[in-house]
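Notes to accompany the following structure.
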Amino acid sequence: LADVGEALDAKVASWAEPWGVWFEGLTITQPPDPRWLFTDLVLEGQLWMLAGKGGVGKSRLALALLISLASGKPFGPFKPTRPTRCLFICKEDDRVAIWRRSKAQFDAWREREHWTPGEIGAAKENLLIPGVDPGETWGDELAAKIRGQGELGLVVIDPLGRFWAGGEHENMNNQAGAAKAIAELEKLRQAGGPTCSLCSIHHLNKSGGVTGSQQIVDYHRASFEAE
């Protein structure tokens with residue numbers, strides 16, 4: 001037992017050596033500031049989720065956040081650090097419906113608050129809303145399309161379940177399905193560039209729980225619920 005104890009002590013010491021050097025450095029230097037997408041809420045390079053029951057306005061809220069980020073103009077507690085190029089990939093509504101909805105939101109926002117010409121110009125230039133094939137699913141082809149848009153700060157997938165080839169309930173109710181979902185989302189996030197974040201819009205069921213495995217939520221770094 002003494003020999004085992006000595007061997008274990010030696011192993012722990014070898015593990016601790018680089019940490020000792022690292023910690024010593026921390027006592028005389030400052031860590032880098034966090035790189036926020038929305039100050040104090042969402043970091044750059046994260047997977048995050050906007051969840052809610054059907055019809056509560058998840059897509060409308062997502063559009064407001066996209067307009068906010070594209071223009072650099074705060075929306076409630078969501079305060080962008082700067083105007084940022086972003087992409088809205090939506091299979092919930094067609095492009096005309098999204099256009100109508102986003103214009104109504106933008107016009108109402110401009111009635112409530114003053115917008116500078118620079119903020120309006122940034123919103124027009126930075127918010128990308130492509131037409132989406134109803135049969136399109138995630139994978140290498142969608143990742144390539146995202147990559148073709150240049151470096152992005154945010155990609156929004158709306159809703160998460162409709163990008164499953166097999167349907168929302170077939171694949172995401174178990175651990176394996178949840179793990180694949182996160183792997184595919186991470187692939188899409190990385191396609192947007194090194195600091196790109198990805199927000200997935202996801203449905204809650206009638207009891208208020210997330211549709212599919214709870215791990216879908218657990219794997220996201222931040223989650224917000226629309227009510």
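Worth saying up front: this structure is predicted, and the values here are computed from it rather than measured. All values below come from the heavy atoms of this structure, side chains included, with hydrogens, waters and symmetry mates left out.
- His202 NE2 to Asp158 CG: the interatomic distance, rounded to the nearest 0.5 Å, is 12.0 Å.
- For the ring pair (Phe, Tyr, Trp, His ring centres under 6.0 Å) condition, the pairs that include at least one residue of residues 37-62, sequence neighbours left out, are Phe38-Phe78, Trp48-Phe224.
- Looking only at side-chain heavy atoms (C-beta outward), Leu63 and Ile129 come within less than 4.5 Å of each other.
- By the 4.0 Å N-to-carboxylate-O rule, Arg189 lies too far from Glu44 to be salt-bridged with it.
- Put simply, Leu69 and Ile89 are part of two different groups of oily side chains (I, L, V, M, F, W, Y) that touch within less than 4.5 Å, one to the next.
- The structure places CD1 of Ile120 at 7.5 Å from CH2 of Trp115, a figure rounded to the nearest 0.5 Å.
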| field | Check against side chain to side chain contact (heavy atoms under 4.5 Å, CB included), Leu127 and Leu87 | value | CA-CA 6 Å; Leu127 178 52; Leu87 179 66; over 6 Å; no
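- Under the 4.5 Å side-chain criterion, counting only non-hydrogen atoms from C-beta, Glu225 is not in contact with Leu50.
- More than 12 heavy atoms of other residues, nucleotides or ligands shown are found within 6.0 angstrom of CZ on Arg112.
- Within the 4.5 Å cutoff, no side-chain heavy atoms of Ile201 are placed close to those of Leu160.
- Under the 4.5 Å side-chain criterion, counting only non-hydrogen atoms from C-beta, Gln149 is not in contact with Lys145.
- Counting heavy-atom neighbours within 6.0 Å of Arg110 CZ, excluding the residue itself, gives a total above 12.
- With contacts defined as side-chain heavy-atom distances shorter than 4.5 Å, the pair Arg101/Ser59 qualifies.
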| request: Take Glu92 and Arg162 through the test salt bridge (Lys or Arg N to Asp or Glu O under 4.0 Å) and record every step on the way to the result. | output: CA-CA 8 Å; Glu92 190 85 325; Arg162 292 199 180 182; 3.7 Å; yes
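- Residues Asp107 and Lys103 form a side-chain contact, since some pair of their non-hydrogen atoms from C-beta on lies under 4.5 Å apart.
- Using a 4.5 Å cut-off between side-chain heavy atoms of Ile, Leu, Val, Met, Phe, Trp and Tyr, Trp99 forms no hydrophobic cluster with any other residue.
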